[in-house]
Trainee: 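Handing you a structure now.
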Amino acid sequence: MNHSKDEIQSNDIMDENLNEILKVRHDKLERLRKEGKDPFKITKYNPTHYSEDIIKNFDGLDGTDVVIAGRIITKRVMGKASFAHILDSKGQIQIFVQVNRLGEEAYEDFKDYDIGDIIGVSGEVFKTKRGEISVKASEIVLLSKSLQPLPEKWHGLKDVDIRYRQRHLDLIVNPEIRRTFILRSKIISRMRKYLDERGFLEVETPILHSIAGGAEARPFITHHNTLDIDLYMRIATELHLKRMIIGGFDKVYEIGRVFRNEGMSIKHNPEFTMIELYEAYADYKDMMDLTEDMVATIAKDVLGTTVVTYQGTKVDLTPPWRRLSMIDAVKEYTGVDFNDITEDGEARDVAKSMEVEIEDSATWGVVLNSIFEEKVEEQLVQPTFIMDYPIEVSPLAKRMEEDERLTYRFELFITSRELANAYSELNDPIDQRERFLEQAKKRAEGDEEAHMMDDDFVKALEVGMPPTGGLGIGIDRLVMLLTDSYSIRDVILFPTMRPKE
RNA sequence: GACCCAUUAGCUCAGUCGGUAGAGCACUUGACUUUUAAUCAAGGAGUCCGGCGUUCGAAUCGCCGAUGGGUCACCA
C-alpha cells in the first residue's frame, strides 16, 4: 500500500482526536503488543465446528471438546465467570468463561476483550442451567482486535446510508440481511444448475464494448490508454451471445453484470445482474415455457414453495402463467381495441383521450406500447406474459408473420414490474440492418437510448443464424421478489453511492 | 433532473415557545463463578451535517450547500 504524505499526516491528526472509545481500544492493542500478544501476528487457526453444527448436533456433541472461532457480539462479565456470544458464518453460540478453568492471566485478558474482537475458543460443549447450548472455554485466543465500536445489538443498524456504505456492519448486526444474500447466492446457483442440466453452456463475453448494443440505454464510457480509444461498458450481453449461436453453440447463457448510465431508484442500480440465454431452433413460446418452469423450480428448491409474499401481496408462481398479447391486455384493462385502429393519427387521438402523453410523431405501435406501460403494467401483479410487442420498440425481435406491425416478443410482469424480456430473435440480416438504420435515425434526432448501428453484428448475422429464442431476466428483481426485498439496494451487497465529501 | 422529508454521543432516538445538550445501549472504574437486552453503583463521552444570516441569545427560525430516503420523470 502506498500512502501519500498527506494521508499519513491526516491519520496522525485523527489519532490525536480519537474519541474515548477508539482510544481505549488502541491502548488495549498497544498493551497486548507490548506483552507479546499482538493478535495481528496470528496467521492461522483451526476451528473444528461452526456454531450451527454444535446447536444442531448437541446430543452427539454434549461433553466433547470443540474449537470455534468468531466475533464477540455480546459480553457479560460477572466477576469470576463470564458469558459471551460468538458470531460465526453460520450463526451464533454462547461461551461460558470461568477464571478457574482459564487461569488468572487469560481470564484477565478475556475481560479486556471488546465486542467486535475475533476470538478462537476451545472447550467443552454443554447446556447451561437455563438450557442454552454453550461452550465452556478452556482456552481463548484473540485472533483479531476490533478498533471500532459495533452498532448497538438491540436496535441494530437502521441508518440506510451506513448500511449500504458499510455493508460489513450491516451484515454483522442485522442477521436477517445475511439471509437475503445467502438466498441470492442459492437462487443464482440453482439457475446455473437448471440450465447446465438442460445442456446450456455458460460463457463469458466482453464487458468493454466499442459499440454498446443489445438494449436501449445510455452507456457508461471508459477509456483504454494503450489503444487510446473510448470504450463503452456493456448494456447487455445479447449481441455477443447471438454470435455464439452463429458460431454453432446451440444453447448458451451468461449471468453477468451490465451497466446503464441512467436514473437510480428503488428498482434501478447503475450496475445490475442479468441472465441472458439463447437457444437455437427455439421460439419465444419455448422461452415462456422455460421462464415459468425455471423460476418456479428455483422458488420451490430455494424457498420450498411457489407461492411467495411480496410486500404483503401473495404471488403465485405456480405454472402455467397467464399469457396475453399486448393488444388484448390493453383491451382488457382499458376497453380500447387496437385491432380496430389502423391509422397512427387515430391511435394518437385515443392516447390523448386517455391522457397518455405521446409525441406528435408517435406511430400506432409506439402509442400501443405507451398506453400499455401507462395503464396496464401497474395492474399486472400475478405473473403475466405480455406477448407481441410493436416492432418500433423491438429492434432485435423477429417480425410476426401474422401482423407486420408486431414482433414475436414477450415481457414478463410480476408485482407490476418487468422481470424478463424475450424474443424470437431477428435473424434476417437485411431486416436487422434496416432496423438499426431506423434506430440510428432516432439517435441522430437526439434519442440517446436508441440503438447504435452495429455493422459487425449485421455481418455476423449474414453468416447465418438459426431461428433462435432469446431470454433475459433481471436477477436482482427476481431476488427482490423471492426475498421480499423492498429496494434493489437490499439485494445488492454494495449498491452505487455518491462518495461522501 | 424536479418536488417533499430526514441528518443531535459509536448505535437507536428524545429535545416543548428560540434561553446554551438528554435517555437507553455501547464505553471506563468498582462489586458479582450459570447470565439471557444480566444486575447494582459511580463516571466519561457532542463540529446538534456544513456555511452564512436574523436575534441579546439558534439543535430549534431564514437562505445556500452536502449526503441519504421517498415520489415523479427515464429505464430493466
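The structure displayed is predicted, hence computed values, not measured ones. Order of the sequence lines sets the chain letters (A, B, ...), proteins ahead of strands, with each chain counted from 1.
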Trainee: Please report the distance, rounded to the nearest Å, between CG in A:Asp161 and C1' in B:G68.
Mentor: 5 Å

Trainee: Report the base-pairing partner of B:U35 (Watson-Crick or G-U wobble, both distances below 3.5 angstrom), or none.
Mentor: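 For B:U35, the partner nucleotide comes out as none, under the 3.5 Å rule.
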
Trainee: Side-chain N or O of A:Lys267 versus OP1/OP2 of B:A73: is the shortest distance under 4.0 Å?
Mentor: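 So the side-chain polar atoms of A:Lys267 never come under 4.0 Å of the phosphate oxygens OP1 or OP2 of B:A73.
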
Trainee: What is the pairing partner of B:C25, taking Watson-Crick or G-U wobble pairs with both distances under 3.5 Å in any strand?
Mentor: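 Result: B:G10.
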
Trainee: Which is true for A:Arg477 with a 4.0 Å heavy-atom rule: it touches a base, it touches only sugar-phosphate, or it touches nothing?
Mentor: base

Trainee: Check every atom of B:A26, B:G24, B:A45 against the side chain of A:His155 and return the nucleotide holding the closest atom.
Mentor: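 Nearest nucleotide to the side chain: B:G24.
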
Trainee: Does A:Arg130 have a side-chain nitrogen or oxygen under 4.0 Å from the phosphate oxygens OP1 or OP2 of B:U35?
Mentor: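 Checking A:Arg130 against B:U35: at least one side-chain N or O falls below 4.0 Å of OP1 or OP2.
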
Trainee: Is there a donor N/O on one and an acceptor N/O on the other, under 3.5 Å, for the side chain of A:Ser82 and the base of B:U33?
Mentor: no

Trainee: Could you tell me whether A:Val77 contacts a base, only the sugar-phosphate backbone, or nothing, with contacts defined as non-hydrogen atoms closer than 4.0 Å?
Mentor: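 Here A:Val77 touches the bases of the nucleic acid.
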
Trainee: I want to check one thing: is the phosphate of B:C27, taken as OP1 and OP2, less than 4.0 Å away from some side-chain N or O of A:Lys28?
Mentor: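 No, because none of the side-chain N or O atoms of A:Lys28 sits under 4.0 Å from OP1 or OP2 of B:C27.
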
Trainee: Please determine, for the side chain of A:Lys136, which listed nucleotide (B:G68, B:U34, B:C13) has the closest atom?
Mentor: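 Selected nucleotide: B:U34.
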
Trainee: Answer with yes or no after comparing the ring centroid distance for A:Phe413 and A:Phe372 against a 6.0 Å cut-off, counting only values under it.
Mentor: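 Between A:Phe413 and A:Phe372, the centre distance is under 6.0 Å.
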
Trainee: For a quick check of understanding: with a heavy-atom distance under 4.0 Å over all strands, which category does A:Asn100 fall into, base, sugar-phosphate or nothing?
Mentor: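 Base, at least one base heavy atom under 4.0 Å.
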
Trainee: B:A2 pairs with which nucleotide, Watson-Crick or G-U wobble, both distances below 3.5 Å?
Mentor: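 The base-pairing partner of B:A2, which may sit in any strand shown, is B:U71.
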
Trainee: Rounded to whole angstroms, how far apart are CE on A:Met274 and P on B:A76?
Mentor: 10 Å

Trainee: Using the C1' atom on both, measure B:U12 against B:C52 and round to a whole Å.
Mentor: 32 Å

Trainee: Closer than 4.0 angstrom, basic N to acidic O: yes or no for A:Arg184 and A:Asp490?
Mentor: no

Trainee: May I ask you to say what A:Glu449 touches in the nucleic acid, namely base, sugar-phosphate or nothing, with a heavy-atom cut-off under 4.0 Å?
Mentor: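 Sugar-phosphate, backbone atoms only, no base.
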
Trainee: Determine the contact category for A:Val99: base if any of its heavy atoms lies under 4.0 Å from a base atom, sugar-phosphate if only primed atoms, P, OP1 or OP2 are that close, otherwise nothing.
Mentor: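 Base contact.
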
Trainee: Counting only side-chain nitrogens and oxygens, does A:Lys153 get under 4.0 Å of the OP1 or OP2 atom of B:C11?
Mentor: no

Trainee: Given atom CD1 of A:Ile162 and atom P of B:U7, what is their separation to the nearest angstrom?
Mentor: 14 Å

Trainee: With no hydrogens and no angle check, do the side chains of A:Tyr284 and A:Thr407 hold a donor and an acceptor under 3.5 Å apart?
Mentor: no

Trainee: Quickly work out the A:Arg163 CZ to B:U67 C1' distance and round it to whole Å.
Mentor: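 Distance, rounded to whole Å: 17 Å.
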
Trainee: Could you state the CD-C1' distance from A:Glu108 to B:G30, rounded to the nearest angstrom?
Mentor: 13 Å

Trainee: NA contact type, A:Tyr486, heavy-atom cut-off 4.0 Å: base, sugar-phosphate, or nothing?
Mentor: sugar-phosphate

Trainee: Report which part of the nucleic acid A:Gly156 touches: base, sugar-phosphate, or nothing (heavy-atom distance under 4.0 Å, all strands).
Mentor: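 Sugar-phosphate contact only.
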
Trainee: Do A:Glu152 side-chain and B:U12 base share a donor-acceptor contact under 3.5 Å?
Mentor: no

Trainee: Tell me what A:Met497 touches on the nucleic acid: a base, only sugar-phosphate, or nothing, going by heavy atoms under 4.0 Å.
Mentor: sugar-phosphate

Trainee: Please tell me if A:Arg76 has a side-chain N or O lying less than 4.0 Å from either OP1 or OP2 of B:U35.
Mentor: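 So the side-chain polar atoms of A:Arg76 never come under 4.0 Å of the phosphate oxygens OP1 or OP2 of B:U35.
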
Trainee: What contact category does A:Phe272 fall into here, base, sugar-phosphate, or nothing, at under 4.0 angstrom with non-hydrogen atoms?
Mentor: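 Contact class for A:Phe272: base.
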
Trainee: Categorize A:Leu169 for me: base, sugar-phosphate, or nothing, with a 4.0 angstrom heavy-atom threshold over every strand shown.
Mentor: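 No contact at all - A:Leu169 keeps every heavy atom at 4.0 Å or more from the nucleic acid.
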
Trainee: Side chain of A:Asp159, heavy atoms from C-beta onward: which of B:U12, B:G10, B:C11 has the nearest atom to it?
Mentor: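 Output: B:U12.
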
Trainee: Touch check for A:Asp27, heavy atoms < 4.0 angstrom, all strands: base, sugar-phosphate only, or nothing?
Mentor: nothing

Trainee: Ignoring backbone atoms, establish whether A:Arg165 has a side-chain N or O less than 4.0 Å from OP1 or OP2 of B:G68.
Mentor: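 For A:Arg165, the contact criterion (side-chain N or O under 4.0 Å from OP1 or OP2 of B:G68) is met.
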
Trainee: Compute both the distance and the angle, then confirm whether A:Arg167 meets the cation-pi test with A:Phe494: under 6.0 Å from the six-membered ring centre, within 45 degrees of the axis.
Mentor: no

Trainee: By the 4.0 Å heavy-atom rule, please label A:Gln94 as base, sugar-phosphate, or nothing.
Mentor: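 It contacts base atoms.
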
Trainee: Separation of A:Glu20 atom CD from B:G44 atom P, in whole Å?
Mentor: 10 Å

Trainee: Can you check the A:Ile172 CD1 to B:C11 P distance for me, whole Å?
Mentor: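 Interatomic distance, CD1 of A:Ile172 to P of B:C11: 14 Å.
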
Trainee: B:U36 base to A:Glu132 side chain: any donor-acceptor pair below 3.5 Å?
Mentor: yes

Trainee: Considering only B:U12, B:G68, B:U35, which nucleotide approaches the side chain of A:Phe83 most closely?
Mentor: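 Looking only at heavy atoms from C-beta outward on A:Phe83, the closest nucleotide is B:U35.
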
Trainee: Tell me: CD1 of A:Ile488 to P of B:C74, nearest whole Å?
Mentor: 18 Å

Trainee: Counting any heavy atom closer than 4.0 Å, what does A:Glu418 reach on the DNA or RNA strands: base, sugar-phosphate only, or nothing?
Mentor: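 The residue A:Glu418 makes sugar-phosphate contact but no base contact.
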
Trainee: Look at the side-chain N and O atoms of A:Arg25 and state whether any lies under 4.0 Å from the OP1 or OP2 oxygen of B:C27.
Mentor: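 No, outside the criterion.
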
